[in-house]
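Below you'll find the structure, written out as structure tokens, and then a few comments.
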Amino acid sequence: MRQIDNALEKIMPELLNLESFRFRISEISTMTGVSTRQLRYWEQKGYIHPMTRTDQQKARMYDFHTFVAVRIMKVFLDEGYRLPSAAEKMTSFLADINVFRDFVKQAFRGIEIVDGQPAVDMGSFDKAGKQILYGINDNGHIRYIVKDKKKDQQ
DNA sequence: GTTCTGACA
DNA sequence: TGTCAGCA
């Protein structure tokens, strides 16, 4: 069991590092429901950009960010927006996602068991820094708990 | 087998 | 935007 924990510890950062993901055009197409023809056209229009590659290969490579962008565009297109509008909405949507991601990245301190349930440690929020705010997902019902910081945490 | 560009519908 | 040709 201990060995498994060590292995997980080793690979978790890698699994969470979405930015290292690389996709070929057919993969992006399958994952998003957008045809390869469309992907090349959107690129020509400047809505998406394949990664600039250092080697001599011609085949396009996409990063995770582009996958998200394409997927979002697809959603807006399915809602009836035209390409230029969908691209515009995708851009601002991406900006909102970044705000959210930065917030979570900053606020998330880990998972702890509180009241017998896994709780998200969101750090201290009082000026003195003596209390910690926990968030618990109770079958879809979110509730918050404030606990005094343990001695060894200070 | 896959991707690329260009072209036609 | 789909599809096909002719390459690499």
Side-chain angles (χ1 to χ4, degrees), chain A residues 1-125 132-145 153:
Chain A
M1 194 57 196
R2 194 71 271 261
Q3 284 183 334
I4 294 179
D5 286 347
N6 288 337
L8 278 180
E9 235 172 82
K10 229 178 218 179
I11 203 175
M12 275 308 279
E14 193 179 320
L15 295 180
L16 293 175
N17 183 17
L18 272 19
E19 295 309 313
S20 69
F21 286 31
R22 298 292 180 270
F23 307 105
R24 308 180 64 176
I25 193 169
S26 62
E27 297 173 315
I28 293 286
S29 178
T30 323
M31 292 187 293
T32 61
V34 174
S35 71
T36 58
R37 173 74 173 85
Q38 286 175 298
L39 290 171
R40 296 190 186 100
Y41 181 69
W42 295 4
E43 171 188 337
Q44 182 189 326
K45 288 295 180 181
Y47 300 140
I48 59 175
H49 310 282
M51 304 188 60
T52 55
R53 37 193 323 168
T54 54
D55 51 32
Q56 264 69 57
Q57 301 292 312
K58 287 189 72 182
R60 294 169 174 78
M61 291 296 286
Y62 301 93
D63 57 17
F64 189 81
H65 177 274
T66 304
F67 157 64
V68 175
V70 172
R71 188 65 190 87
I72 294 171
M73 289 256 285
K74 168 68 171 168
V75 170
F76 286 131
L77 286 173
D78 288 345
E79 281 182 13
Y81 291 96
R82 303 204 170 188
L83 200 49
S85 306
E88 204 171 309
K89 292 182 77 73
M90 175 269 285
T91 302
S92 65
F93 194 88
L94 236 33
D96 289 351
I97 287 180
N98 283 333
V99 171
F100 173 73
R101 180 180 42 64
D102 290 345
F103 177 84
V104 172
K105 192 175 178 184
Q106 182 67 28
F108 180 75
R109 302 295 167 78
I111 303 292
E112 277 186 40
I113 302 300
V114 177
D115 293 351
Q117 290 186 82
V120 179
D121 179 352
M122 296 187 282
S124 61
F125 63 98
I132 296 181
L133 178 64
Y134 292 98
I136 293 182
N137 183 356
D138 242 337
N139 289 323
H141 174 64
I142 300 296
R143 69 173 213 269
Y144 299 95
I145 295 178
Q153 286 181 314

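Each chain gets a letter, A, B and so on, in the order its sequence line appears, and its residues count up from 1.
Ring-plane geometry between A/F64 and A/F21 is classed as perpendicular, the angle between the planes exceeding 60 degrees on a 0 to 90 degree scale with a lower cut at 30.
When the salt bridge (charged side-chain N to carboxylate O under 4.0 Å, His left out) test is applied to A/E43, the partners found at least two apart in sequence or on another chain are A/R60. Taking A/T36 as the reference, A/I25, A/S29, A/R40 meet the side-chain contact (heavy atoms from CB on, under 4.5 Å) condition, with sequence neighbours excluded.
Atom CE in A/M51 sits about 18 Å away from atom C1' in B/dT3, given to the nearest Å. B/dC4 atom P lies 12 Å from atom CD1 of A/I28, rounded to whole Å. Look at CD1 on A/I25: it is 12 Å from P on C/dG2, rounded to the nearest Å. Rounded to an integer number of Å, the gap from A/Y41 OH to C/dG2 C1' is 14 Å. Between A/Q44 atom CD and B/dA7 atom P there is a gap of 12 Å when expressed in whole angstrom units.
Heavy atoms from other residues, nucleotides or ligands lying under 6.0 Å from CG of A/D55 number more than 12. With a 6.0 Å radius and a threshold of 12 heavy atoms from other residues, nucleotides or ligands, A/F93 has its CZ atom at or below the threshold.
Counting only Watson-Crick and G-U wobble pairs whose two distances sit under 3.5 Å, DNA chain B takes part in these stems of three or more pairs: B:4-9 with C:1-6.
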Quick one: which protein N/O atoms are closer than 3.5 Å to N/O atoms of nucleotides 3-8 of chain C? Pair and distance per line, please.
| residue | atom | partner | partner atom | Å |
| --- | --- | --- | --- | --- |
| C/dT3 | O4 | A/R37 | NE | 3.3 |

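To the nearest 0.5 angstrom, A/M73 atom CE is 5.0 Å from A/M90 atom CE.
A pairwise comparison of heavy atoms in A/T66 and A/I48 identifies CG2-CB, 4.2 Å as the closest pair.
Among the protein residues, A/R40 comes within range of the nucleic acid bases, having at least one heavy atom under 4.0 Å from a base atom.
Contact check, A/R60 against B/dT3: no side-chain N or O comes under 4.0 Å of OP1 or OP2.
Pairs engaging residues 93-111 of chain A under the salt bridge (charged side-chain N to carboxylate O under 4.0 Å, His left out) rule: none recorded [sequence neighbours left out]. Screening residues 65-79 of chain A for salt bridge (charged side-chain N to carboxylate O under 4.0 Å, His left out), with sequence neighbours left out, gives A/K74-A/D78.
Checked against C/dG2, B/dT2, B/dC4, the side chain of A/S35 finds its nearest nucleotide in C/dG2.
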